[in-house]
Each structure stands twice: as C-alpha cells, then as structure tokens.
There are 2 protein chains.
Amino acid sequence: MVARRPQRNTRQRAVVLEELMKLSCHPTAVELYEIARARMPKLSLGTVYRNLELLAENGVIQKLQLSGAEARFDGNPERHYHVRCTRCERVDDVHDLPEDFVKGHIQSLAGYDIVGFRLDFRGVCPDCQQDGCGTDGGVSPQGQD
Amino acid sequence: MVARRPQRNTRQRAVVLEELMKLSCHPTAVELYEIARARMPKLSLGTVYRNLELLAENGVIQKLQLSGAEARFDGNPERHYHVRCTRCERVDDVHDLPEDFVKGHIQSLAGYDIVGFRLDFRGVCPDCQQDGCGTDGGVSPQGQD
DNA sequence: GTGTATGCAAAGCCTTTGCAGCATG
DNA sequence: CATGCTGCAAAGGCTTTGCATACAC
C-alpha cells in the first residue's frame, strides 16, 4: 500500500494529531474527539475518524485493534507491544520484549501482573500467493495492523 | 471467572458447536449462522451470538478478536496462534512457534508469506493491583482473550 | 479558482437485549 | 412444571458515508 498522503494540512488534522501525541495513553476515537473538541469546538467526530484512519495509513500513528470493542490509537508508530489491564481496560506500552517470553514464564511486565498474551501473525496465505493478485499492494513489513 | 455453565443442552447449542467444530477455518458469528441455518432453518442470529459467547466463557471454544471488524470463533480451545491473510482475511492456526520469532526474522509460517505480527499482553496494571478490587475474578492464565 | 476536507446527520455493520412462548431437565 | 433458552425484532455502540459548504494550495 503506497501510503496515501494527506493532500492538505488542515487545522483539524493537526489538532487531532497533536492531541494524540500529547497522550501517553491510547485513546479511542471518541475519547480523542472529546479532548480535541476542547480546542476546536466545531470539530466533528466523522473528521476525527477520517483523520485517524488517514494518519494510520500513512504510518504516522498506529491503529490498535486489541481484543474488545473499539479501536484505540497510538501516537507512536514504532514497533512495540501493548499490555492491557483486564480490570480498567487501560493500555500501556511494552518496548523491551523478554527473550524468553515464548516459554510462557512471564510473570510481570511494566509493572503489570501478566495474565496472558495474544500473538497473531499477518501474511499472505498460500492460495493468495498463487493468485498473485496484488490487492494488498505491500503492507508495511513492520505493520502490526 | 468461575465458568458459567450452560444450564441446558439445547439443540441450537449443539448445532452451533458441531458446525464450528467441523470447520478448520475460523468463521464469524454471521458466517456460522448461515452454515448452521442449513441444518436448522429457524435458528436465529441472536441465539448464535448467545451460544458462542457462552461456549467461549466456558472455554469450550475461543473467541478471537483479531484486528479488523468482527469477532471470529475457533473450535479449538487450546493455546495456539493465528495467521491472517492480508488479502483474503482468512485465518489459519499456528501451533509451533519458532523460538527466534522475537528477532523478527520470520519469513514464512504455515505456508504464509509473513508480513508482520501482533503481540499484546494482558494483565493487571499497577494501579489496579493496589486497589485490590476483584473485578477480574481470575482470568485464565492462558487466556488469549 | 479547483478540488479536497469538513460538519452534520443519516445510515451501516456487528452485536446485544427485551419479551413472550417453548422446551429441557 | 419451573425457568433457562429461543425466535423475533428493535435497539445499541462504534464507525462510515453522502452531501453541500468551506478552506488549503
């Protein structure tokens, strides 16, 4: 996917991105909408969604689709992992991955009491490799989503 | 989470489970509904959702919330990982995890041309550990979701 | 000035839920 | 024969989209 670039630098897009960057947490679109609206009262939710989608496509931010209802957004486009609290649903970052986590011995991480993890791969299945059709165009090799 | 057990063995629940078990793929609730309806035309979508949820709670099946829109269901409750095709969205299982995948050198897996992976941990955050409130009740230590 | 992005509101999609009747144990 | 489960349909929550207007370039 050759990144579709924002065509114009609108104030809305700037505000959405800036507010996301300020946050260490990973807000949902609606949460970010509420925050950004403090600065720009006429901002509409549709615009927030459109911009978040666009920014994620361009790799400026990450769209996280952790298990659970809605998408969350992460202002840091670098590869890293996430921990989510099973109680309060909050999401934190994990930057250093223990080498031995595969063995399932992880007890704690980033202060969290670890309960489990989820690991999903992404790729092109054998059938689609044969088809050779290029619908994916080339997903980021680092793409987590 | 003390598993809430199905109270009654209804024909609907049996059909939903049986049809899911037959599949090697990981259908959405709606897909499974279509399949099951072939055997039980009056089956309703609401019932499918209710039963899938119930079966997942009991650990009989797995509810997968891979990135993307809807939930998918896996008749195999054992811990394993998943690969999703970036083109056709199909989901396959990964049972053997390469020890060195952390290094990011995985090129292929289960015939897939691997493009990336996603790893999310689950646990109780430091704040919630202090609170000591037991809202999580005890999530499965192996729980992927 | 041209065409993209916005605001607004309606619609879409997946999922959940209320309710009255049915069927399981 | 009590009550959990079902079918049906409506509602809910998050997200997307159509359209006329406003704004970036």
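Labels below follow one simple rule: chain letters A, B, ... track the order of the sequence lines, proteins then strands, and each chain is numbered from 1.
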> Can you list the residues that meet the side chain to side chain contact (heavy atoms under 4.5 Å, CB included) rule with A:T47, with sequence neighbours excluded?
Replying inline: A:Q12, A:L43, A:S44, A:R50, A:N51

> For B:V15 and B:A36, which heavy atoms make the closest approach, and how far apart are they?
Replying inline: CG1-CB, 3.9 Å

> How long is the line joining CD of A:E57 and P of C:dA5, in whole Å?
Replying inline: 11 Å

> So, is A:Q12 near the phosphate of C:dG7, with a side-chain N or O under 4.0 Å from OP1 or OP2?
Replying inline: yes

>> Distance check needed: C:dT17 P versus B:E53 CD, whole Å only.
In response: 10 Å

> Is the side chain of B:Q62 donor-acceptor paired with the backbone N or O of B:N76 at a distance under 3.5 Å, no angle test?
Replying inline: yes

> Are any of B:Y49's side-chain N or O atoms less than 4.0 Å away from OP1 or OP2 of C:dT16?
Replying inline: no

>> Distance check needed: D:dC14 C1' versus A:F73 CZ, whole Å only.
In response: 11 Å

> What residues, two or more places apart in sequence or in another chain, satisfy side-chain hydrogen bond (donor to acceptor under 3.5 Å, both in side chains) together with B:Y49?
Replying inline: none

>> If the condition is side chain to side chain contact (heavy atoms under 4.5 Å, CB included), which residues does A:L17 pass it with, not counting sequence neighbours?
In response: A:M21, A:L55, A:V60, A:I61

> How would you list, by chain and number, every residue that makes a side chain to side chain contact (heavy atoms under 4.5 Å, CB included) with B:K22, sequence neighbours excluded?
Replying inline: B:E19, B:R39

> To the nearest Å, how far apart are B:K42 NZ and C:dA23 P?
Replying inline: 10 Å

For nucleotides 19-25 of chain D, tabulate all protein N/O to nucleotide N/O atom pairs closer than 3.5 Å, reporting atom names and distance.
{"unit_1": "D:dA24", "atom_1": "N3", "unit_2": "A:R8", "atom_2": "NH1", "d": "3.0"}
{"unit_1": "D:dC25", "atom_1": "OP1", "unit_2": "A:N9", "atom_2": "N", "d": "3.2"}

> Of the non-hydrogen atoms in B:Y33 and B:L45, which two are nearest, and what is the gap between them?
Replying inline: CE1-N, 3.4 Å

> Rounded to the nearest Å, what distance is computed from the CG atom of residue B:L43 to the P atom of nucleotide C:dA23?
Replying inline: 15 Å

>> Tell me the interatomic distance from B:R13, atom CZ, to D:dG4, atom P, rounded to whole angstroms.
In response: 12 Å

> What is the distance from CG of B:N58 to P of D:dC5, rounded to the nearest Å?
Replying inline: 11 Å

> Is B:T47 near enough to D:dG7 that one of its side-chain N or O atoms lies under 4.0 angstrom from OP1 or OP2?
Replying inline: yes

> What integer distance in Å separates B:L45:CG from C:dT15:C1'?
Replying inline: 8 Å

>> With the threshold set at under 4.0 Å for non-hydrogen atoms, list the residues of residues 14-41 of chain A touching DNA chain C in residue-number order.
In response: none

>> For a quick test of reading the model, state the closest non-hydrogen atom pair linking B:L20 to B:D74 and the distance between them.
In response: CD2-C, 4.2 Å

> So, does A:E31 use its side chain to make a donor-acceptor pair with the main chain of A:T28 at under 3.5 Å?
Replying inline: yes

